[in-house]
Amino acid sequence: MTWVDSEYAGELAVVSAWLAALLPWSVTVRSGTLLGESASLIIVRFPAAMFQFLFGPEVQGFDSFVPVWAAPGFTGSEAVATAYTLWLAAAALVGLAVVFSAIYYARDDLVEERSPVDPVRLMGALLLPAGVFMFAAAVLLFRAQGGVTIPVGAGLVPVLGGLLLIVDRTETDERGAASEGS
């Protein structure tokens, strides 16, 4: 049984890269006391940046937007810094996947004809480790920061990457015989 028809594997590869770039890889919700008042913090992390929403007292110097390249130095905790370094590596892989997906989307026949490797498997090879890095970062954040961390994209991206690596790339001719596709 195949999950994806070989004919649509290229489209799945392109959409997977876009999903990896557009979905938040994790959402963290924390609540407690800050400056003597009840406070809640919601952090939504995308591959390129994180957005923080603080509900409670006003805090001087609170950054509501943090780009991925600034995040590893953003905190004093070693575990959180490691998580954000993994996030930076994942963001680089997702960035490469998005650039490749744009080229593949625009010129799929040319890419499939000239590529020394199967473009669908290449996309899987970019997304699988990106997703694993995101998931590892989500686990580290859950352990280090408390609150509730939901691995949204961190759960989906490695699954998509894995599917792209194992998708059946054989095509069936008119007689029903399978032949190896590009």
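Only heavy atoms go into these numbers, but all of them, side chains included; no hydrogens, no water, no symmetry mates.
Of the inter-residue distances, the one linking Leu160 atom CG with Leu12 atom CG reads 6.5 Å to the nearest 0.5 angstrom. Once rounded to the nearest 0.5 Å, the distance linking CD of Glu11 with OG of Ser101 reads 12.5 Å. From Tyr104, atom OH reaches atom CG of Leu110 across 11.5 Å, with rounding to the nearest 0.5 Å.
When the side-chain contact (heavy atoms from CB on, under 4.5 Å) test is applied to Val59, the partners found at least two apart in sequence or on another chain are Leu34, Leu35, Leu54, Phe62. Residues satisfying the side-chain hydrogen bond (donor to acceptor under 3.5 Å, both in side chains) test with Ser26, not counting sequence neighbours, are Arg45. Residues passing the side-chain contact (heavy atoms from CB on, under 4.5 Å) test with Phe65, sequence neighbours excluded: Ala49, Phe51, Pro67.
Hydrophobic cluster membership differs between Val132 and Trp25, with clusters built from Ile, Leu, Val, Met, Phe, Trp and Tyr side chains linked at under 4.5 angstrom. Leu23 and Val44 are members of different hydrophobic clusters when ILVMFWY side chains are connected at heavy-atom separations under 4.5 Å. In the hydrophobic clustering of ILVMFWY residues, with side-chain heavy atoms under 4.5 Å counting as a link, Ile103 and Val98 come out together. Hydrophobic clustering of Ile, Leu, Val, Met, Phe, Trp and Tyr side chains at less than 4.5 Å, counting indirect connections, unites Leu88 with Leu141. Leu128 and Ile166 end up in different hydrophobic clusters when Ile, Leu, Val, Met, Phe, Trp and Tyr side chains are linked at under 4.5 Å.
Within 6.0 Å of CZ on Phe100 lie more than 12 heavy atoms contributed by other residues, nucleotides or ligands.
When each of Leu156, Val159, Leu164 is paired with Ser16, the side chain to side chain contact (heavy atoms under 4.5 Å, CB included) condition holds for Leu164 and for no other. The side chain to side chain contact (heavy atoms under 4.5 Å, CB included) with Leu93 is formed by just one residue from the set Leu126, Val157, Leu127; it is Leu126.
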Tell me, with the steps shown, if Tyr84 and Leu140 meet side chain to side chain contact (heavy atoms under 4.5 Å, CB included). CA-CA 9 Å; Tyr84 285 166; Leu140 284 171; over 6 Å; no
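Of the possible donor and acceptor atoms, one in the side chain of Arg121 sits under 3.5 Å from a partner among the backbone N and O of Val167. A side-chain donor-acceptor contact under 3.5 Å links Trp87 to the backbone of Phe46. Remark: side-chain polar atoms of Gln52 are paired, donor with acceptor, to backbone N or O of Asp63 under 3.5 angstrom.
Nearest heavy atom pair, residue Ala154 against residue Ala138, reads CB-CB, 4.4 Å. Between Ala130 and Val94 the shortest heavy-atom distance is CB-CG2, 3.9 Å. The shortest heavy-atom contact between Ala17 and Met123 is CB-SD, 3.8 Å. Closest non-hydrogen pair, Val80 versus Ala144, comes out as CG2-CB, 3.7 Å. Across all non-hydrogen atoms, the minimal contact from Gly147 to Arg30 is CA-CG, 3.8 Å. Across all non-hydrogen atoms, the minimal contact from Ser31 to Ser40 is CB-OG, 3.7 Å.
Put simply, the side chain of Pro47 reaches to within 4.5 Å of the side chain of Met134, judged on heavy atoms.
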